[in-house]
Amino acid sequence: MKAAVVDHRGAVPVYREVADPVAAQGEAILRVEAVAVENVDRAIVAGQHYTSAPFQAALPAIPCFDGIGRTPGGTLVGFGGLEPPRGALAEYVVVTEGHWAPIPEGIAPEIAAVMSSAITGMSMRTAAELKPGETVLVQGATGVAGRLAVQIARLLGAGRVVATGRDAAALASLAELGADAVITTDVADDDLVRAYRDAAGDGYDVVVDFLWGRPTHLLCESLIPETFALGTPTRLVQVGESAGETFEIPARALRTSGLEIYGAARNLMAGMAEAYGQVVEWVRAGDLVIDVTTMPLSTIAEAWQRTDLRGSRLVIVPDAPVR
Ligand SMILES: NC(=O)c1ccc[n+]([C@@H]2O[C@H](COP(=O)([O-])OP(=O)(O)OC[C@H]3O[C@@H](n4cnc5c(N)ncnc54)[C@H](OP(=O)(O)O)[C@@H]3O)[C@@H](O)[C@H]2O)c1
């Protein structure tokens, strides 16, 4: 079969022939229909992710470890649990029974492949327990997950949605998705702190943070009250780190602002089924729009290096023969 193979750390995957997968007892061979390529996949290949070690140790290896496939019986399923060197960017994968689940009717494979990024946005409810009418700040709203989070905030009944990004045109397009105000993070530190304060209204109840690093450090600064009054509570959900792996939290920001920080995984397993069902319902109804760019597996080298897909998720579609 054909697959995308990484030969050495940080290499661009190459489309080439590899050995056909063989299923053992308790496994099945699925025909791959769609695989989303995310920042995390590129970071693993580059050796820059906390899960990179097993991948680097298994080189040459096939990247991406979940996707959408078809069982031998013809059922469209989401699969996961793959381990290096056998990733999902291939025509066929071997999957252990129990590591796949049917995709609901009416959801196309390339959309199903990106649903996990929408589930991430649901962390504003599962982790931060967003209530209707509250104010939501989406940090990194011009990216794929951020654009979904803006829509989800609106669909969950947020009273006000504020969105941050760097690109003026991309920020302007967020109004159509439901953002009430936008903030450009590409400004001097003091200006950004002021912009966070000016857009906060009565305060940010929930922050969905895809950035971390400098913008989130300055957001924390902006939450410090300018008088001896105590700040209003803000529940910040840590989801991504596009702007940095770390930042310093000023002690006074925690002491005075009422800031609470949660990981996106908080309550995720308990809330996953409901969150997934809700996302499916919105997608089917056309209320939640997931922007994807599909490319064939044979173009993986070109696809992997694309940097022009702002706000649209790259999805590889192998189009393998049915066996
Ligand atoms: N935990 C999960 O399950 C999960 C799921 C999906 C994503 N994530 C994480 O969430 C983050 C965003 O993912 P994504 O798929 O939406 O990525 P993406 O489409 O590449 O978007 C990245 C976002 O971050 C902004 N950004 C990038 N570098 C920046 C910098 N140095 N300073 C300020 N802003 C910067 C981008 O702004 P521009 O538009 O100006 O470039 C864009 O808004 C990533 O860290 C990803 O790993 C986590």
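We count ligands from 1, going down the list as the structure has it; atoms in each ligand are counted the same way. Everything numeric here is computed off the predicted structure, so don't read it as measured data.
Protein heavy atom nearest atom 1 (N) of ligand 1, with residue, atom name and distance: Val239 O, 3.4 Å. Nearest protein neighbour of atom 17 (O) of ligand 1, counting heavy atoms only, is Asn39 ND2, 2.9 Å. Taking atom 39 (O) of ligand 1 as the reference point, the nearest protein heavy-atom neighbour is Thr142 OG1, 2.6 Å. The single protein non-hydrogen atom nearest to atom 4 (C) of ligand 1 is Thr120 OG1, 3.6 Å, given as residue, atom name and distance. Considering only non-hydrogen protein atoms, atom 9 (C) of ligand 1 sits nearest to Gly240 CA, 3.6 Å. Shortest contact from atom 34 (N) of ligand 1 to any protein heavy atom: Leu211 CD2, 3.4 Å. For atom 11 (C) of ligand 1, the closest non-hydrogen atom of the protein is Ser242 OG, 3.5 Å. Nearest protein heavy-atom contact of atom 16 (O) of ligand 1 is Ala145 N, 2.8 Å.
In terms of heavy-atom proximity, Val138 sits nearest to Ala149 at CG1-CB, 4.0 Å.
With respect to the salt-bridge test (charged N to carboxylate O, under 4.0 angstrom), the residues Lys2 and Asp20 do not qualify. Using a cutoff of 4.0 Å between basic side-chain nitrogens and carboxylate oxygens, Glu221 and Arg194 are not scored as salt-bridged. With respect to Arg147 and Glu176, no salt bridge is recorded, no charged nitrogen being found less than 4.0 Å from a carboxylate O. Ionic pairing of Arg284 and Glu105 is not present here: no N-O contact between side-chain nitrogen and carboxylate oxygen is shorter than 4.0 angstrom. Using a cut-off of 4.0 Å between Lys/Arg side-chain N and Asp/Glu carboxylate O, Glu33 and Arg31 are scored as salt-bridged. Here Asp202 does not pair with Arg160 in a salt bridge; the nearest charged N to carboxylate O distance is not below 4.0 Å. With respect to the salt-bridge test (charged N to carboxylate O, under 4.0 angstrom), the residues Asp167 and Arg310 qualify.
Those atoms of ligand 1 with a heavy atom of Arg313 less than 4.0 angstrom away are 15 (O). Atoms of ligand 1 lying under 4.0 Å from at least one heavy atom of Gly140, given by number and element, are 43 (O).
The option with the heavy atom closest to atom 32 (N) of ligand 1, from among Gly263, Ala264, Gly311, Ala243, is Ala243. The option with the heavy atom closest to atom 33 (C) of ligand 1, from among Arg42, Glu38, Arg166, is Arg166.
Heavy-atom contacts from other residues, nucleotides or ligands closer than 6.0 Å to CD of Glu83 number 12 or fewer. Shown here is Glu17, whose CD atom has more than 12 heavy atoms of other residues, nucleotides or ligands within 6.0 Å.
At least one N/O-N/O distance between Arg310 and ligand 1 falls below 3.5 Å. Ligand 1 has no nitrogen or oxygen under 3.5 angstrom from a nitrogen or oxygen of Gly165.
Using a 4.0 angstrom heavy-atom cutoff, Arg147 does not count as in contact with ligand 1.
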